[in-house]
2 protein chains.
Amino acid sequence: MATMNDVAKAAGVSTSTVSYVLSGKRTISPETKSQVLAAIDKLGYSPHAGARALASNRSNVLGLVVPLREDVNVSVVMQFVAAVVTTARNFQQDVLLLTQDDLGGIERVTSQSVVDGLVMMDIVARDPRIPLLAKMNKPAVLIGVPDDAHGLSCIDFDFAAASRISVRHLVDLGHRRIALIGSPQASLERHATYADRVRSGFEEASRTAGVEFSSRACEANPTALAEALRELVTGPQGATGLVVHNEALMPLMRDTLAEMQLRIPEDVSVVAIAPTDVAVSSTVPWTAVSIPAHDIGRTAVEMVMERMHEQRAAEVRLVVPALVQRSTTVAAPGSSKSGPVH
Amino acid sequence: MATMNDVAKAAGVSTSTVSYVLSGKRTISPETKSQVLAAIDKLGYSPHAGARALASNRSNVLGLVVPLREDVNVSVVMQFVAAVVTTARNFQQDVLLLTQDDLGGIERVTSQSVVDGLVMMDIVARDPRIPLLAKMNKPAVLIGVPDDAHGLSCIDFDFAAASRISVRHLVDLGHRRIALIGSPQASLERHATYADRVRSGFEEASRTAGVEFSSRACEANPTALAEALRELVTGPQGATGLVVHNEALMPLMRDTLAEMQLRIPEDVSVVAIAPTDVAVSSTVPWTAVSIPAHDIGRTAVEMVMERMHEQRAAEVRLVVPALVQRSTTVAAPGSSKSGPVH
DNA sequence: CTGTTAGCGCATTCAC
DNA sequence: GTGAATGCGCTAACAG
């Protein structure tokens with residue numbers, strides 16, 4: 001409840017001096033500085049965020065728009081959120097949470113200067129929030145790359161490339177019939193950018209390699225997975241290599257295949273496109289392309305902060321994927337290949 | 001960028017009039033009111049949150065402290081978060097996110113008046129944040145009941161009662177050897193209040209009923225589950241009835257039991273203590289005590305808001321549990337009971 | 001290196 | 001039913 005004025009009086013200096021020891025925006029002699037700090041300590045002073053926001057025109061709060069849908073993987077969302085909050089703190093910023101569906105919220109917090117900038121997750125191809133966000137005069141970064149970013153900056157994992165290197169890995173191992181088990185139907189239908197890009201990357205790389213391929217969505221439950229596997233692996237497709245991009249399915253994958261009398265990797269090789277922890281937390285770790293959720297979240301905040309002060313051109317950053325071979329991929333049955341060829 | 005003054009000029013009235021049409025704190029004639037609203041619309045005016053916070057001493061922001069641990073179930077956390085954000089909006093409040101480990105954050109946002117109140121999740125028995133929070137002069141509500149609430153209000157699901165009715169249900173069905181599969185070890189060790197209470201409720205009710213019982217923690221992976229089941233069910237304990245309080249295990253439960261040649265419910269009856277969606281989203285729905293995460297989150301916000309203006313006594317609210325029998329519990333093998341006896 | 005001072009945009013108390 | 005004036009607590013430009 002003590003104000004800066006109280007501190008100034010107690011320390012026998014002027015208000016601005018107190019302000020400046022706090023902000024460090026001009027040099028203060030060691031003596032006065034220590035007197036001010038002593039007074040601050042003595043009075044238990046802490047600055048009033050609202051007053052500061054009014055005078056400085058900066059709230060030190062970032063908005064984060066998170067999806068709270070059923071079909072997004074919550075653990076990945078949490079990783080993003082954790083990364084964003086942690087990074088924001090490094091920039092002395094707090095994080096205000098907005099939900100996907102609260103369209104008015106974006107406009108409100110931005111026009112009322114509740115936030116200094118925004119990070120928006122789970123972008124879809126033609127996202128109605130983007131033109132809205134672009135109008136508001138605050139720095140914003142999209143996690144995901146929409147069809148038209150309206151001049152906003154984007155950061156994303158290069159899902160298309162992730163898909164392509166997964167395909168190439170399988171092809172190099174001699175697999176000639178491969179399949180993609182993708183996100184739930186709902187993600188595809190709303191054209192979540194990651195889902196679209198994984199699929200197009202998969203199809204493109206498969207065609208280039210000249211292998212037989214097919215792909216399908218899959219819900220996150222054992223029944224749906226079993227059906228997908230029946231269609232793609234034991235069925236007419238007869239795939240021997242699988243790319244799986246569906247975090248929630250990973251814990252079910254091994255058991256479900258086992259029930260169908262299929263062994264990994266002897267009968268079917270599997271590449272996962274999944275967050276690092278999902279890929280390696282299994283008893284037998286997956287050959288996988290890791291989605292570095294933490295890095296992406298951190299970078300998103302850094303990009304917002306970069307644009308906060310200096311005017312800066314919009315950019316699209318894609319995080320380059322890397323495949324790590326673990327125990328779930330081997331040379332195709334009947335193939336002469338004993339390992340990847342480069 | 002238009003200010004209230006601009007609006008006042010454009011409407012040919014004074015600033016205070018504009019303020020009052022916005023707040024509704026005094027009666028305004030229809031004519032002036034519509035002129036003001038027209039001016040607001042024309043100028044695209046929106047109030048500056050910082051200025052409002054300074055003048056009114058209210059930020060219209062609630063703080064929410066969420067756990068970002070490994071051992072908490074993220075989907076449940078998300079449900080709470082969604083409920084809190086949604087409810088907060090009904091009270092014209094935004095939500096600022098703080099993480100568990102950011103101890104200084106609680107103090108910062110509260111002493112700087114960044115937030116008007118706080119909701120804190122994942123309380124442990126002797127939570128170091130509680131004395132800290134109690135000192136700050138802002139309304140706060142704990143989700144969970146600690147040993148000493150330091151005068152703060154608490155809301156929680158009555159986990160002890162949930163556990164007791166689960167036990168009684170099994171006992172009524174004739175089960176004489178029962179077991180509890182609980183939260184991961186880490187939750188128990190840090191004395192998360194829900195984990196402690198589920199266990200004590202389980203043991204108390206088992207003793208009262210005079211049945212054999214045992215309980216143990218279980219990590220959220222198939223191997224750990226298999227080991228727990230070997231110990232509790234097929235091992236010397238020979239439990240025929242199981243209470244499971246570990247959301248992340250539920251998707252694995254059926255498969256793991258199947259691998260061990262155990263059928264539900266013929267060989268073992270299972271009661272789940274889990275969020276509603278987890279309990280019913282399975283192919284065969286569980287007999288369960290539902291954790292109403294949404295209700296709890298909503299109530300937490302309501303309690304904070306109640307304490308925002310009027311001084312109000314601290315209280316502890318416990319949400320009463322209810323068990324819904326579905327297909328995973330039947331009379332014990334060899335029991336004469338054909339159903340629950342009341 | 002330090003002090004003085006004029007706002008930042010809004011809420012609210014008085015006066016009418 | 002309306003207006004004028006003051007202050008909320010802080011920042012930053014200006015003056016020294």
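Computed from heavy atoms alone, side chains included, the values below leave out hydrogens, waters and symmetry copies. So you know, we letter chains A, B, ... as the sequences are listed, proteins then strands, and number each from 1.
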Return whichever of B:K33 or A:R26 has its heavy-atom-nearest nucleotide of DNA chain D closer to the 5' end. B:K33
Please determine whether a side-chain nitrogen or oxygen atom of A:T15 lies at a distance below 4.0 Å from atom OP1 or OP2 of C:dT5. no
Suppose we call a contact any N or O donor and acceptor under 3.5 Å apart; does that hold for the side chain of B:R52 and the base of D:dG9? no
Within the 3.5 Å criterion, strictly below it, is a donor on A:T299 or A:R317 matched to an acceptor on the partner's side chain? no
Rounded interatomic separation in angstrom, taking CZ from A:R58 and C1' from D:dA12: 15 Å
Can you say whether a donor on the side chain of B:S16 sits under 3.5 Å from an acceptor on the base of D:dA4, or the other way round? yes
Distance-only donor-acceptor test (3.5 Å): side chain A:Y20, base D:dA12: yes
Positive for side-chain hydrogen bond (donor to acceptor under 3.5 Å, both in side chains) with A:H191, one of A:D147, A:D127, A:D196: A:D196
Under 4.0 Å, counting only non-hydrogen atoms across every strand here, what does A:T3 touch: a base, just sugar-phosphate, or nothing? sugar-phosphate
Does atom CD of A:Q311 have more than 12 heavy-atom neighbours, drawn from other residues, nucleotides or ligands, at distances under 6.0 Å? no
Take the protein atom CD of B:Q112 and the nucleotide atom C1' of D:dT11, then report the distance between them rounded to whole Å. 15 Å
Using the side-chain heavy atoms of B:S19, tell me which of these nucleotides is nearest: D:dC10, C:dC1, C:dT12. C:dT12
Between B:I40 (CD1) and C:dG9 (P), how many Å, whole number? 16 Å
Please identify which of these residues, B:I106, B:L96, B:V304, meets the side chain to side chain contact (heavy atoms under 4.5 Å, CB included) condition with B:V115. B:L96
Does D:dA12 have OP1 or OP2 under 4.0 Å away from a side-chain N or O of A:K25? yes
Side chain to side chain contact (heavy atoms under 4.5 Å, CB included), paired with A:M308, selected from A:M303, A:K138, A:Q93: A:Q93
Base D:dG3 paired with B:T17 side chain (donor-acceptor, <3.5 Å): no
Just checking A:L54: base, sugar-phosphate only, or nothing, at a heavy-atom cut-off of under 4.0 Å? base
Interatomic distance, B:D6 CG vs C:dG9 P [rounded to whole Å]: 8 Å
Answer with base, sugar-phosphate or nothing: what part of the nucleic acid does B:V13 contact at a heavy-atom distance below 4.0 Å? sugar-phosphate
A:D148/A:R126 ion pair, N-O < 4.0 Å: no
Spell out, as yes or no, whether a donor-acceptor pair under 3.5 Å connects the side chain of B:S59 to the backbone of B:V114. yes
Using a heavy-atom cut-off of under 4.0 Å over every strand shown, decide if B:L22 touches base, sugar-phosphate, or nothing. nothing
Please state how far atom OH in A:Y45 lies from atom P in D:dG9, giving the value in whole angstrom units. 10 Å
Test side-chain contact (heavy atoms from CB on, under 4.5 Å) applied to B:V66 and B:L98, step by step: CA-CA 6 Å; B:V66 303; B:L98 295 171; over 6 Å; no
From CE of B:M4 across to C1' of C:dA11 the rounded distance in Å is 7 Å
C:dT12 C1' sits how many Å from B:N57 CG, rounded? 13 Å
Secondary-structure notation, DNA chain D, from Watson-Crick and G-U pairs under 3.5 angstrom (| other strand): ||||||||||||||||
How close or far is atom P of D:dG1 from atom CD of B:Q35, stated in whole angstroms? 15 Å
Respond yes when some side-chain nitrogen or oxygen of B:S56 is under 4.0 Å from OP1 or OP2 of C:dC10, and no when none is. no
May I ask you to say what B:T32 touches in the nucleic acid, namely base, sugar-phosphate or nothing, with a heavy-atom cut-off under 4.0 Å? sugar-phosphate
Check whether any side-chain N or O of B:S14 sits under 4.0 Å from OP1 or OP2 of D:dT2, and answer yes or no. no
